[in-house]
Amino acid sequence: MTKETTQQVNFRVFRFNADEDYLPYYQNYNMEVTSKEVILDILNKIRDQDSSFSYSRNCSLSSCEDCAVKINGRPTLACKESVKAMIELFGSELTIEPLSKKRAIRDMIIDKSDFLEKYDSIKPYNISNGNEYLKESNEMQELSEIDSCVTCGVCYYSCPVVEVNEDFLGPAAFVKAYYFETGVRDETHRQRIEDLHREKEGLWDCVKCYECAEVCPSGVDPIGKMTKLHNMLYKEGDATSSVATSHIANIKDSIGKHGILAQLGSLSNLSATMKMYKKGKTAKPWSVPASGNLDEIQKLIESSSTSKF
Ligand code: SF4
Ligand code: SF4
Ligand code: FES
């Protein structure tokens, strides 16, 4: 049995009450913590010291979604995250913030209406005429992985595209859309897949940073499901070509040939390209040096390509 240890930690905690405060502020709580505690224990202790401190919790079993917060900028479920692991990662000064500071209502509690409205917009329910369908066991395995999504919004509030594009539906909605697009029972297929293709809201605005897969506390891998939706959109003929897709095709072509990005650009931005070349920011397009590990790069491109790219 591992011996319980203790340590002094300073928690810098985000405070804001939308009814009273003009601006948020941070409050320090210095306390002794044990190696067995999780972040939710710390929130409980802060609440014991200061009854005005607000946060959400329900199941304490990583299954209700209520207790998601950010520790030093890293989103997590408070009832699951060990304090010891956080100290090992960040040291003895830990900052606790809500999932989204700009949507804070009171301390850790945020207004998730934007996330829930977008989630609802993809019609996250089965629409069927009641017929019975059989699924293969490998298909069921993938669907049960998606079933473990607790709609916590951790992926949504970590997505950099959501930060800059308020129309972008976000990873959790796409995961749920994939669930129904891949399920044979659902009969709204055409409408839903067309909606996923909409400019600015749709799948094509994802920048494939993998942050959603990194932070998901339930191991759902949203970007993996979104890549499958990309493929579906091509197979169904909804996605053909756009400025964004042509750009991606050029990038893939350049990296596949040379192992580095060496685009000349279009005639319309030739002068900018020449300026970049003069400053040493791009290679001569007619004599691009190949990367030393080109074979490995080409294998990576092969393994991460969709049916179109
Ligand atoms: S991979 Fe796409 S959806 Fe996921 S966090 Fe990055 S931009 Fe957002
Ligand atoms: S995919 Fe993961 S992070 Fe996103 S809402 Fe579901 S459980 Fe939360
Ligand atoms: S309290 Fe339910 S997931 Fe943490």
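Atoms within each ligand, like the ligands themselves, are counted from 1 in listed order. Both backbone and side-chain heavy atoms feed into the values below; hydrogens, waters and symmetry mates do not. All residue numbers refer to positions in the sequence shown, counting from 1.
- Taking backbone and side chain together, C216 holds an N, O or S atom under 2.8 Å from atom 2 (Fe) of ligand 2.
- Contact analysis puts G153 in contact with ligand 2, with a non-hydrogen atom separation below 4.0 angstrom.
- Within ligand 1, the atoms closer than 4.0 Å to a non-hydrogen atom of I223 are 1 (S), numbered from 1 in the order shown.
- For the pair R12 and Y26, the cation-pi test (distance below 6.0 Å, angle within 45°) is passed.
- Across the listed options C209, C155, S158, A172, C209 owns the non-hydrogen atom lying nearest to atom 6 (Fe) of ligand 1.
- When non-hydrogen atoms are compared, ligand 3 lies under 4.0 Å from the backbone of S63 (N, CA, C, O) but not from its side chain.
- Set against the non-hydrogen atoms of C212, the atoms of ligand 1 under 4.0 Å away are 1 (S), 4 (Fe), 5 (S).
- The main-chain N or O of S56 is never found under 3.5 Å from a side-chain atom of D66 such that the two would form a donor-acceptor pair.
- Ranking the protein heavy atoms by distance from atom 1 (S) of ligand 3 puts S60 N, 3.1 Å first.
- Not close to ligand 2: V175, with no non-hydrogen atom less than 4.0 angstrom away.
- For atom 8 (Fe) of ligand 1, the candidate residues are G170, A173, G224, C159; the nearest heavy-atom contact is made by C159.
- The V161 neighbourhood of ligand 1 comprises atoms 7 (S), with distances under 4.0 Å to a heavy atom of that residue.
- Short contacts between ligand 1 and M226, defined as distances under 4.0 Å to a heavy atom of the residue, involve ligand atoms 3 (S).
- Ligand 2 has at least one atom lying under 4.0 Å from a heavy atom of P217.
- Taking every heavy atom of C67 and a limit of under 4.0 angstrom, the matching atoms of ligand 3 come to 1 (S), 3 (S), 4 (Fe).
- Numbered from 1 in the order shown, with element, the atoms of ligand 2 that lie under 4.0 Å from a heavy atom of C152 read 3 (S), 5 (S), 7 (S), 8 (Fe).
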